[in-house]
Amino acid sequence: MSETKGETYSRLAKEIAAVIEGETSSVARFATVACLLNEAFDHFYWVGFYLVDPLNPSQLVVGPYQGTLGCLRIPIGRGVCGVAAQKLETVLVENVHTFDGHIACDSLSQSEIVVPVFWKNGQLAAVLDVDATELSAFDDIDLQGLEAICATLLHEAIT
Ligand code: SME
């Protein structure tokens, strides 16, 4: 019997925790998560991180990702990623064409979910962005599964 999506997220969370255990580089952690999520789900077309730029904290700059060419920079407050970074909460968009200010890095993207990632001290570090080529590709199971993975991502990271 094949796994449900919720079971896949639970398995992945454990797998990710095991692979990144003791790894202090946030970039290595982000790259691992982008790879394992991309391998696990067929409905993920683009998956990766936009990082708060330490030299210009009003901007996000692209980090590790899997997929087609992503935009390099996104101002906080703009696009789905920038809004999630500003609100400090997950944004789930069923149809990107109806989202005011959506940034189309790839015209095939139809729906999107963006989850904030925090440093251990509570400061925003990055957002996890996932795009799909289908409308309404993400649901509450994706939201909970991705939030659970992002919640512990930087606890051991120092860079
Ligand atoms: N669509 C995003 C931009 C990033 S790309 O999809 C990879 C947004 O509106 O923030």
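Whatever order the structure lists them in is the order used to number ligands and atoms, beginning at 1.
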Checklist line | Candidates L36, L12, V130 - the one meeting side chain to side chain contact (heavy atoms under 4.5 Å, CB included) with F41 | finding: L12
Check: How about N121: does its CG atom have over 12 heavy atoms from other parts shown lying under 6.0 Å from it?
Finding: yes
Note to self: If you count every heavy atom of other residues, nucleotides or ligands that lies below 6.0 Å from K120 atom NZ, does the total exceed 12?
What the structure shows: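 No, the 6.0 Å shell around NZ holds no more than 12 heavy atoms from other groups.
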Next item on the list: Examine V96 and F138 and state if one hydrophobic cluster contains both, with Ile, Leu, Val, Met, Phe, Trp and Tyr joined whenever side-chain heavy atoms are less than 4.5 Å apart.
Entry: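 Shared cluster, no.
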Notebook entry, point to check: Are Y50 and V27 linked, directly or through other ILVMFWY residues, by side chains that come within less than 4.5 angstrom of each other?
Noted result: no
Next item on the list: Tell me, please, which residues at least two apart from Y45 pass ring pair (Phe, Tyr, Trp, His ring centres under 6.0 Å).
Entry: none
Notebook entry, point to check: In order of chain and number, which residues sit within 4.0 Å of ligand 1 by heavy atom?
Noted result: W46, Y50, I74, G79, V80, C81, H102, I103, C105, E112, D129, D131
